[in-house]
Protein chains: 2
Amino acid sequence: MDQRLTTRRRRRMQRVTMAEVARAAEVSPSTVSLYLRKPGQVSPAVGARIARVVDALGYVPSLVAGGLAAAGSRAVSVIVPTIQNDFFANTISALQQSLEPAGLQLLLGNTDYDPAREERLVRTALSWAPAAVVLVGLEHGRGTMRLLLESSAPVFEIWECGGGPIDTAVGFHHREVGATALRHLAERGRRHFAFLGARMEEDRRARQRAEGFAAAAAAAGLAAPLILGAPERASTELGGRLLAEALSGRTRIDGIACSNDLMALGALFECQRRGIEVPGGLAVVGFGDLGFSASCVPPLTTIRPPGEAIGREVGRLIQERLAGAEPPARAGMIDLGFELVPRRSS
Amino acid sequence: MDQRLTTRRRRRMQRVTMAEVARAAEVSPSTVSLYLRKPGQVSPAVGARIARVVDALGYVPSLVAGGLAAAGSRAVSVIVPTIQNDFFANTISALQQSLEPAGLQLLLGNTDYDPAREERLVRTALSWAPAAVVLVGLEHGRGTMRLLLESSAPVFEIWECGGGPIDTAVGFHHREVGATALRHLAERGRRHFAFLGARMEEDRRARQRAEGFAAAAAAAGLAAPLILGAPERASTELGGRLLAEALSGRTRIDGIACSNDLMALGALFECQRRGIEVPGGLAVVGFGDLGFSASCVPPLTTIRPPGEAIGREVGRLIQERLAGAEPPARAGMIDLGFELVPRRSS
DNA sequence: CGCTTCGATCGCAGCGCTACGAAATCTGCT
DNA sequence: AGCAGATTTCGTAGCGCTGCGATCGAAGCG
């Protein structure tokens, strides 16, 4: 039997469609579409009429349909290890601020430092035909790399500089951060060091900071620092515990660097509990310049990463690419540097 | 002239389509689609064949096309005031964990406490035909309300209980939080109170906590607390400054509550700088139970909101709704409560 | 051995929008 | 007035997928 004869009620996505707007405004759908995308190319009179109808009908365009027709959606996929972390939260926030005026939305995923989850998330991300994919770090699993390379979406790798990026990397050198911390402590006359890190197994960047710290000690002819880590996420509690561990050794540690200001704050608390004077008895350098770092007791010397700048820069680059800019011929690398903020804890 | 005669190269979204998979697997596209959505309804033999082809071809389904055809996408829009805030970051994180197994992605927006921005974000959010819209608070602009009411998407309002939700609210009572803080301080023998808040103009929930604090004082027949606020976001620096302001008055304040543990931490630092003993000279109660609260000096008495629980619960409800559950007949309200965590600062 | 029953597979008709190029309309100029 | 050129508007053909009902085929049964 001819299917055409049977009744078919089709599901509908939303109340008002562009065609209805067009009818009410007495123009063609094309014109409505054009007006919505490039208002300048429609005559002011017609534009005003369309605007009025859109408002009256409460028309909300479907980005899903638009994305399908235009072969690419107005979403930017961001995949980070965790958002429960001021670093990435700041970057994401800056990125979103930069993207919002262009009508780009963030699709968020978090890997919890798990490569398998990263691959799943990248797959889902690509399913949205995003305007760009943003992910943290330069190290990815085989499958993730394949997906990314085969996709035509611009890929931005952030928070790290170094090896070869897939497309464009925007970040800074973590080894150099570690080295800077050590040189600073050495300048302050310290000689026996420890590095306190969290999640060092999974967080390659924290590891790089520790390595830079150790390498700079070696370069300066100083004793190899004690490197302490733990599988948990950064916290003041962990900072305190690792400091206790560091101080329990035979060597009298007089300078520490932490992979995160939260850890450094925990170290300060531990010093307070033990009556160790900071910086007199122990100099402390953190990483992150978090909300409390300038006003804790004593104010914390720290290294400020360009978190917001990364977000802003990536936002800018995405819009540039969307506007037709070519990807860099050779994979690009943008080093945004970092800043040592000396305060009273060292 | 007949347009059919002119050449047209159409833009394509991605390399491999479902039709190509179908061809290679020698089945119809419908079967591939069915297999991908409900593998159980396809015979094991055919399923295996399709799986093999999908893998070999590196097929990534288009959620954009799928969303259009199915009249609803697999995205959940989350609109929060800011993600640079442990409260919302935790909730979002829990929500995403709960949604991930169902293949639902988060679309993130942040309003920065600006109603106009909220409306814009809700509009964009609805453009995606999301499976659900999640937003913070029960108070929204007229336009936002209209958009939400006209849309057919389930709406979850989180982090607040009280007034009438649009669809379902999942949160707790902030006034009760303030009251609990005051009663706790009163039990500890305090009589002269101050409440230190950030962004009190914009953040209705912080305001409610302050109101509950004041109301409980009145109910207990105690002097009205000093309510201090500032337009900036919560920080240790602000906590310290507002405490200084509170202590500069003629009344000798002996108990404070803060709208955020970060503020409370700042107050602790200020006490340390001024040599005020805590809790001897001043009892401090925070809100949030953040990462450092248990291990600062002294450990901070605080009120723990159900941040993760909210995320998990909303995730569960969304999936229930997606599976066909009806929206609550009368707008629903789920009170997840909160917990006073007494520690040594009070 | 024909007929029902049920599970597996298929074909069709869009979902709502945009890109493309053509058509219509408007300008300014001779 | 007539025409080239610029500007504005329109018509068409999908984008890739899913929901629906139809169809096919194997098993079950009297």
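All chains are named by letter (A, B, ...) in the order of the sequence lines, taking the proteins before the strands, and each is independently numbered beginning at 1.
The distance from atom CG of B:Leu68 to atom C1' of D:dT18 is 10 Å, rounded to the nearest whole Å. Atom pair B:Ile50:CD1 and D:dC17:P shows a separation of 13 Å (rounding to whole Å applied). Here the P atom of nucleotide C:dA8 and the CG atom of B:Leu36 are 17 Å apart, to the nearest Å. Distance, A:Lys38 NZ to C:dC17 C1': 14 Å, rounded to whole Å. Rounded to a whole Å, the OH atom of B:Tyr35 is 16 Å from the P atom of D:dC17. Put simply, CH2 on A:Trp128 is 14 Å from C1' on D:dG16, counting in whole angstrom units.
Distances shown here put a side-chain N or O of B:Ser33 below 4.0 Å from the OP1 or OP2 atom of D:dT18. The side chain of B:Arg37 places no N or O atom within less than 4.0 Å of a non-bridging phosphate oxygen (OP1 or OP2) of D:dC17.
Screening residues 21-31 of chain A for side-chain hydrogen bond (donor to acceptor under 3.5 Å, both in side chains) gives A:Ser28-A:Thr31 as the qualifying pairs, with residues at least two apart or on separate chains.
End-to-end axis angle of the helix from C:dC1-D:dG30 to C:dT30-D:dA1, using five pairs per end and rounding to 10°, comes to 40°.
Counting non-hydrogen atoms under 4.0 angstrom, A:Tyr59 reaches the backbone sugars and phosphates but no base.
Comment: A:Glu160 engages A:Arg204 in a salt bridge, judged by a side-chain N to carboxylate O separation of less than 4.0 angstrom. Salt bridge status for B:Glu119 with B:Arg142: absent, with no side-chain N to carboxylate O gap under 4.0 Å. For the pair A:Arg312 and A:Glu308, the salt-bridge criterion is not met [side-chain N within less than 4.0 Å of a carboxylate O].
Between A:Ala75 and A:Leu107, the shortest heavy-atom contact is CB-CD1, 3.9 Å.
Using modelled atom types and a 3.5 Å distance limit, the side chains of B:Trp128 and B:Ser77 yield no donor-acceptor pair. Side-chain atoms of B:Arg123 and B:Ser127 include no donor-acceptor pair closer than 3.5 Å. In this structure, a donor-acceptor pair under 3.5 Å is absent between the side chains of B:Arg120 and B:Thr124.
The CZ atom of B:Arg74 sits 5.5 Å away from atom CG of B:Leu322, with the distance rounded to the nearest 0.5 Å.
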So which protein nitrogen or oxygen atoms get under 3.5 Å of nucleotides 8-10 of chain D's nitrogens or oxygens?
{"residue": "D:dT9", "atom": "OP1", "partner": "A:Ser43", "partner atom": "OG", "Å": "2.8"}
{"residue": "D:dT9", "atom": "OP2", "partner": "A:Ser43", "partner atom": "N", "Å": "3.0"}
{"residue": "D:dC10", "atom": "OP2", "partner": "A:Ser28", "partner atom": "N", "Å": "2.8"}
{"residue": "D:dC10", "atom": "OP2", "partner": "A:Ser28", "partner atom": "OG", "Å": "3.4"}
{"residue": "D:dC10", "atom": "OP2", "partner": "A:Thr31", "partner atom": "OG1", "Å": "2.7"}

